[in-house]
S.K.: 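One structure coming up, written as structure tokens, with questions to follow.
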Amino acid sequence: MNKHFILKSFLAATVALSLCASACQFGKKEFAALTEADLTAFAETMPDQQKRQLAQNPQGRKGMIDQFKKMFAFAQAGLAEGLDKSDDYTNSLRLESAKVLAQEHGKRNEGFQVSKADIDGYVAAHQKDFDSDVAFFTRNAKEKPTGDQLESLKASWGELMFRADKGRQTGLEKDLAVQIQLKMMRGNLLANLYSRKVEEKFKTGDKELQDYYAQHPEADPDKIKQRVGDLLARIKKGETFEKIADEVNEDGTKGRGGDLDWFGKGTMDPDFEKAAYAMQTGQISQEPVKSSFGYHLIKVEGRRKAAAKPAVPPGTPGSSLNEIANKNSDPNAEEVHAKHIYLSTKKAEDELSNQGQQNIKRVMEDATLKFPVVAPEDFKLTVAGLRPPSGPLPPGAGQGGSMKMITPNESK
């Protein structure tokens, strides 16, 4: 096995929760204060380059302190919500505890090897634990892992847990550097879970949309479809397509007569594209066309054979793939030049999303006020042979190394 071991797909399934903690008991007081010793000890665990840059950058250290203060406030809020008793917390905690112990053991014992026999023996002795962990981290997957995937997971899980046990046996859980990582990452895990719970609370659902439509009937998709139908009636009475597009369009084609220029297959919304390709030059759709963005009337201005892909000189990267693509492409492929009249059905969702983001921001700000964190303004970080400052911190250096707290505005 690789001496540093790479836990592949199994660790990816842990939803990017970086390091975490051992399954000890703790309370809100643990996250009510951030000491200089905590910060120094955690910074000492960073990669040398980041640690050196952080030591030279007071603003970077301040950013790190602010990040931890926010994280600790959210962690306290998570504890107040009882998130430390949730399945998400307890299951993630168990695996992430193993991860930090295994990684620390690997760093301190670079020559330590884990054999296939070690892994097979560990998995065989802990089959129920393996099955439980796989079930938890694949619970939202559309399909169950295949036999080959399970074998790969067994190998990675078995090595992780085997190394973690070796770390416990050597007393790593009592090591100060490990303990500070566990403390910080307990807070990180709770903060992440709290952020997600707040996001879920203000998530837009069918009920919220229906309530919005009741108060703003003009935003109801059925009403919008009817409006587009009324616009079609105006065209049939003699008004020009382009004039109406410039009057009502809710995208960048307003002022251009609704012109979408030429496009090939696979570049537009599938339903819009299907309708456009079914029409002939000069034809206008005789009913509103629904896309994922709203309702449209389509006018086809022209059709032509799709332009050939530019040749790639032989021997250049990708030339063989380009040649294969051209051989497999449809020689009769066409492009369509179309215009559209367009009314969006996304206004309600956008408005509710904006309101939700404002609510999330307010709740998170309230958490930092309700659960204050005492922290120093700066902390010491000594690096041997330190040179004068050479520039700003690299990305992430002022945020606690590999740890990354998930905030409400980030993708999951």
Side-chain angles (χ1 to χ4, degrees), residues 199-304 306 333-361 408-409 411-412:
E199 284 184 320
E200 189 66 27
K201 179 179 179 180
F202 294 105
K203 185 177 180 179
T204 300
D206 289 340
K207 182 181 183 303
E208 289 77 16
L209 282 171
Q210 293 306 318
D211 290 344
Y212 187 91
Y213 296 151
Q215 298 176 26
H216 304 85
E218 72 282 358
D220 190 318
D222 290 338
K223 298 290 185 183
I224 293 171
K225 181 179 180 180
Q226 183 178 334
R227 283 184 58 200
V228 174
D230 293 341
L231 296 175
L232 178 60
R234 287 172 56 182
I235 293 173
K236 291 180 177 179
K237 290 180 180 179
E239 292 190 59
T240 66
F241 189 99
E242 292 74 13
K243 173 181 175 294
I244 296 176
D246 286 340
E247 175 188 328
V248 305
N249 274 16
E250 297 176 335
D251 67 355
T253 65
K254 185 173 184 177
R256 297 193 289 114
D259 196 351
L260 293 166
D261 210 341
W262 292 94
F263 58 87
K265 287 189 175 181
T267 58
M268 292 290 188
D269 175 273
D271 292 326
F272 181 96
E273 184 180 285
K274 181 179 178 180
Y277 268 83
M279 297 165 59
Q280 299 302 314
T281 300
Q283 188 177 356
I284 296 175
S285 55
Q286 294 303 295
E287 60 182 18
V289 175
K290 179 73 171 67
S291 76
S292 58
F293 302 100
Y295 282 98
H296 313 253
L297 295 176
I298 302 174
K299 179 181 180 182
V300 173
E301 293 289 320
R303 302 173 70 103
R304 70 184 182 189
E334 284 188 313
E335 293 179 332
V336 170
H337 180 195
K339 297 178 180 178
H340 74 158
I341 291 171
Y342 164 62
L343 295 180
S344 173
T345 55
K346 295 293 186 181
K347 291 179 181 178
E349 294 178 28
D350 291 344
E351 177 63 24
L352 289 172
S353 176
N354 289 335
Q355 291 178 10
Q357 289 299 318
Q358 290 301 314
N359 289 332
I360 291 170
K361 182 179 179 181
N409 291 325
S411 64
K412 304 174 188 175

S.K.: A side-chain contact here means heavy atoms from C-beta on lying under 4.5 Å apart; do Gln358 and Gln355 qualify?
M.R.: no

S.K.: Do Leu209 and Leu352 touch side chain to side chain, with heavy atoms closer than 4.5 Å?
M.R.: yes

S.K.: Might you work through the side chain to side chain contact (heavy atoms under 4.5 Å, CB included) test for Leu297 and Val289, ending with a clear yes or no?
M.R.: CA-CA 6 Å; Leu297 295 176; Val289 175; over 6 Å; no

S.K.: I'd like to know if the side chain of Lys274 and the backbone of Asp269 have a donor-acceptor N/O pair within less than 3.5 Å.
M.R.: no

S.K.: Going by heavy atoms in the side chains, are Leu343 and Glu250 under 4.5 Å from each other?
M.R.: yes

S.K.: Please identify which of these residues, Lys299, Lys339, His337, meets the side chain to side chain donor-acceptor pair (under 3.5 Å) condition with Asp259.
M.R.: His337

S.K.: Is any NZ, NE, NH1 or NH2 atom of the basic residue among Arg303 and Glu335 found under 4.0 Å from an Asp or Glu carboxylate oxygen of the other?
M.R.: no

S.K.: Less than 4.0 angstrom from a charged side-chain N to a carboxylate O is my criterion; do Lys254 and Glu247 meet it?
M.R.: no

S.K.: To the nearest 0.5 Å, what is the distance between OG on Ser353 and CD on Glu208?
M.R.: 12.0 Å

S.K.: For residues 213-226, run the donor-acceptor check on the side chains, cut-off 3.5 Å, and write out each pair with its distance to 0.1 Å, sequence neighbours left out.
M.R.:
from: His216; atom 1: ND1; to: Tyr212; atom 2: O; distance (Å): 3.2
from: Asp220; atom 1: OD1; to: Asp222; atom 2: N; distance (Å): 2.9

S.K.: Check this for me, if you would: do Lys207 and Asp211 make a salt bridge, where the nitrogen-to-carboxylate-oxygen distance has to be below 4.0 angstrom?
M.R.: yes

S.K.: Checking the side chain of Glu349 only, and the main-chain atoms of Lys347 only, is there a donor and an acceptor separated by less than 3.5 Å?
M.R.: no

S.K.: Give a yes/no verdict on a cation-pi contact between Lys265 and Tyr277, requiring under 6.0 Å between NZ or CZ and the six-membered ring centre and an angle within 45° of the axis.
M.R.: yes

S.K.: If I compare all heavy atoms of Ala276 with all of Phe263, which pair ends up nearest, and what's the gap?
M.R.: CB-CZ, 4.0 Å

S.K.: Could you tell me whether the side chains of Asp251 and His340 share a donor-acceptor contact shorter than 3.5 Å?
M.R.: yes

S.K.: List the atom of Ile298, the atom of Ala275, and the distance in Å for their closest heavy-atom pair.
M.R.: CD1-CB, 4.0 Å

S.K.: What distance do Phe272 atom CZ and Phe293 atom CZ have between them, rounded to the nearest 0.5 Å?
M.R.: 10.5 Å

S.K.: Find the distance between OG1 (Thr204) and CD (Glu351) and round it off to the nearest 0.5 Å.
M.R.: 10.0 Å

S.K.: So does Lys237 pair up with Glu239, basic N to acidic O under 4.0 Å?
M.R.: no

S.K.: Do Val248 and Leu231 have side chains that get closer than 4.5 Å, going by heavy atoms?
M.R.: yes

S.K.: May I have the step-by-step check of side chain to side chain contact (heavy atoms under 4.5 Å, CB included) for Met268 and Leu260, ending in yes or no?
M.R.: CA-CA 10 Å; Met268 292 290 188; Leu260 293 166; 4.2 Å; yes

S.K.: Output, in order, the C-alpha distance, side-chain angles, deciding distance and verdict of side-chain hydrogen bond (donor to acceptor under 3.5 Å, both in side chains) for Asp271 and Ser291.
M.R.: CA-CA 6 Å; Asp271 292 326; Ser291 76; over 6 Å; no

S.K.: Give the intermediate values and the outcome of side chain to side chain contact (heavy atoms under 4.5 Å, CB included) for residues Val300 and Val336.
M.R.: CA-CA 7 Å; Val300 173; Val336 170; 4.0 Å; yes

S.K.: Does Asn354, at its CG atom, have more than 12 non-hydrogen atoms belonging to other residues, nucleotides or ligands within less than 6.0 Å?
M.R.: yes

S.K.: Going through the checks in order, is the side chain to side chain contact (heavy atoms under 4.5 Å, CB included) test met by Glu199 and Ile360?
M.R.: CA-CA 6 Å; Glu199 284 184 320; Ile360 291 170; 4.0 Å; yes

S.K.: Which atom pair, heavy atoms only, marks the closest approach of Lys290 to Thr345?
M.R.: NZ-OG1, 4.3 Å

S.K.: State the OG1-CZ distance between Thr240 and Arg234, to the nearest 0.5 angstrom.
M.R.: 9.5 Å

S.K.: To the closest 0.5 Å, what do you measure between CD1 (Ile341) and CZ (Arg227)?
M.R.: 11.5 Å

S.K.: Rounded to the nearest 0.5 Å, what separation is found between the OG1 atom of Thr253 and the CD atom of Glu242?
M.R.: 11.0 Å

S.K.: State, with a plain yes or no, whether a side-chain heavy atom of Met279 is found less than 4.5 Å away from one of Ser285.
M.R.: yes

S.K.: If you look at every heavy atom in Tyr295 and Pro288, which pair is closest and at what distance?
M.R.: CD2-CB, 3.9 Å

